[in-house]
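To start, the structure itself, in structure tokens.
Remember, it's a predicted structure, so these values are computed and weren't measured experimentally. When a residue number appears, it is its place in the shown sequence, counting from 1.
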Amino acid sequence: MNAKFLVEVEMSNQVRSPMAVTWSVWRALLLRESLDRLFDMRAAWFWLLMEPVLHISFITFIFTVIRLRTVGGIDVTVWIVVGMLAFFMFRRTAMQVMHAADSNKPLFAYRQVHPFDTYVARGVLEAFLMTLVSAIILAGAALLGHDVRPDDPLQVLVAIFGLWLFGVGYGLVASVLMALVRETEHILKIMMMPLYLISGVIMPISAVPQPYRDLLLFNPLVHGLELVRQGFSDYYHMVSGISMGYLYLWGVVSLFLGLVLYRRFTQQLVMK
């Protein structure tokens, strides 16, 4: 696959403009990453789908045991499914972008391929895969009798894009930090578990007493998940203080910071 990829890039460089070469690199990387993501181990595509399904099933079982039927005025299953998928859009994007440069390091020996190209390829691929996985899971929930039709599809899409953007920015910053201090990788991975717990994925933010609830609102993921849930149901009682602008502020700032760090430490990313 690498040889074919490099031949395509070399041919593109001979007959095309720099922008055309960039598009060719992105297309080739996207194909390469897709094959690696889906077939790098036995049934990789299966686990891509089953990971969120297992999370959703376990949390739904817990809520069923305690006989909780609604959260914030909507079906608890819809609340869990929507929140879990939204969080996975951020987490999977962040983790894939975080390791993009490290996984494709041999390709940087060719001047047409830069670390930024791998970030773009992995970010776009993860958005596509999570959209596909989400569609399958939501279709399954609909077949089980749950109403998963969004009341405000535009709000859902905008909020999901904000979570994806923040995931890309987070991953980009993390990738540079890992190149500078390798031990940072362990800290960043450990941080994902607290984020899972304090972002409203499995525990309603509305159930958290003050003043702790206000502290949780500093987390942009809380805003993203609440906005996605409200987009699925107008009846959802979203906690006060939620802002789409705050989510995008974190997304844009993290992306800008990541690009600044990338520009400053590109050499370390290539040589690490």
Side-chain angles (χ1 to χ4, degrees), residues 23 26-27 29-30 33-34 37 48-49 51-52 55-56 74 78-100 116-139 141 148-175 192 195-196 199-201 205 217-234 236 238-239 241-260 262:
W23 280 108
W26 288 358
R27 185 170 61 251
L29 279 171
L30 189 60
E33 290 291 339
S34 299
R37 191 85 166 90
L48 185 69
L49 174 64
E51 184 186 10
H55 279 256
I56 290 168
I74 64 173
V78 175
W79 185 87
I80 294 170
V81 169
V82 170
M84 194 75 70
L85 292 176
F87 181 78
F88 267 71
M89 174 64 82
F90 160 77
R91 193 185 79 169
R92 282 187 168 177
T93 300
M95 297 302 290
Q96 289 299 313
V97 172
M98 183 188 304
H99 296 285
F116 183 74
D117 299 323
T118 64
Y119 299 141
V120 172
R122 284 206 169 187
V124 171
L125 175 62
E126 207 56 39
F128 172 76
L129 291 177
M130 272 308 302
T131 300
L132 184 61
V133 167
S134 298
I136 294 173
I137 292 176
L138 289 173
V148 294
R149 295 171 298 177
D151 290 335
D152 191 345
L154 181 59
Q155 177 172 313
V156 173
L157 291 175
V158 173
I160 287 291
F161 182 78
L163 289 167
W164 176 82
L165 188 67
F166 182 40
V168 172
Y170 181 100
L172 188 54
V173 172
S175 178
M192 278 297 171
L195 282 176
Y196 186 77
S199 297
V201 183
I205 296 298
L217 290 180
F218 283 105
N219 177 4
L221 298 179
V222 171
H223 296 252
L225 269 60
E226 288 288 285
L227 287 164
V228 172
R229 284 166 173 153
Q230 203 223 12
F232 266 84
S233 176
D234 291 333
Y236 181 58
M238 189 169 61
V239 297
I242 297 298
S243 168
M244 186 76 78
Y246 184 77
L247 171 63
Y248 271 82
L249 176 64
W250 273 82
V252 172
V253 169
S254 64
L255 185 61
F256 177 77
L257 178 61
L259 290 174
V260 170
Y262 166 78

Assess the residue pair F87 and Y196 against the criterion (side chain to side chain contact (heavy atoms under 4.5 Å, CB included)); give the C-alpha distance rounded to whole Å, side-chain angles, the decisive distance to 0.1 Å, and a yes or no. CA-CA 8 Å; F87 181 78; Y196 186 77; 3.4 Å; yes
Look only at the side chain of [X] and the backbone of [Y], and say whether a donor-acceptor pair between them is shorter than 3.5 Å.
X: D151; Y: D234; answer: yes
X: H55; Y: M84; answer: no
X: W250; Y: L163; answer: no
X: R122; Y: Q96; answer: yes
X: S243; Y: G245; answer: yes
X: Y248; Y: V158; answer: yes
X: Y262; Y: F116; answer: yes
X: S175; Y: G171; answer: no

Worked check of side chain to side chain contact (heavy atoms under 4.5 Å, CB included) between V120 and L29: CA-CA 9 Å; V120 172; L29 279 171; over 6 Å; no
Electrostatic pair E126:R91 at N-O distance under 4.0 angstrom: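 Salt bridge: no.
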Is any side-chain heavy atom of M89 closer than 4.5 Å to one of T131?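 Yes, close enough: below the 4.5 Å cut-off.
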Is the shortest heavy-atom distance from the side chain of F90 to the side chain of M130 under 4.5 Å?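 Counting from C-beta outward, F90 and M130 never come under 4.5 Å.
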Nearest heavy-atom neighbours spanning L227 and Q155: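 In this case the closest contact between L227 and Q155 is O-NE2, 2.8 Å.
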Indicate the atoms forming the closest heavy-atom contact of H223 with L217, along with that distance.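 The pair with the smallest heavy-atom distance is NE2-O, 2.7 Å.
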Rounded to the nearest 0.5 Å, how far apart are [atom1] of [X] and [atom2] of [Y]?
X: L157; Y: D152; atom1: CG; atom2: CG; result: 9.0 Å
X: N219; Y: I205; atom1: CG; atom2: CD1; result: 8.0 Å
X: M98; Y: Y119; atom1: CE; atom2: OH; result: 11.0 Å

What verdict does the side chain to side chain contact (heavy atoms under 4.5 Å, CB included) test give for L138 and F232, after you've listed the backbone C-alpha separation in whole Å, the side-chain angles of each residue and the deciding distance to 0.1 Å? CA-CA 12 Å; L138 289 173; F232 266 84; 4.1 Å; yes
Would you please name every residue forming a side chain to side chain contact (heavy atoms under 4.5 Å, CB included) with F218, sequence neighbours left out?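 Listed in chain order: L215, Y246.
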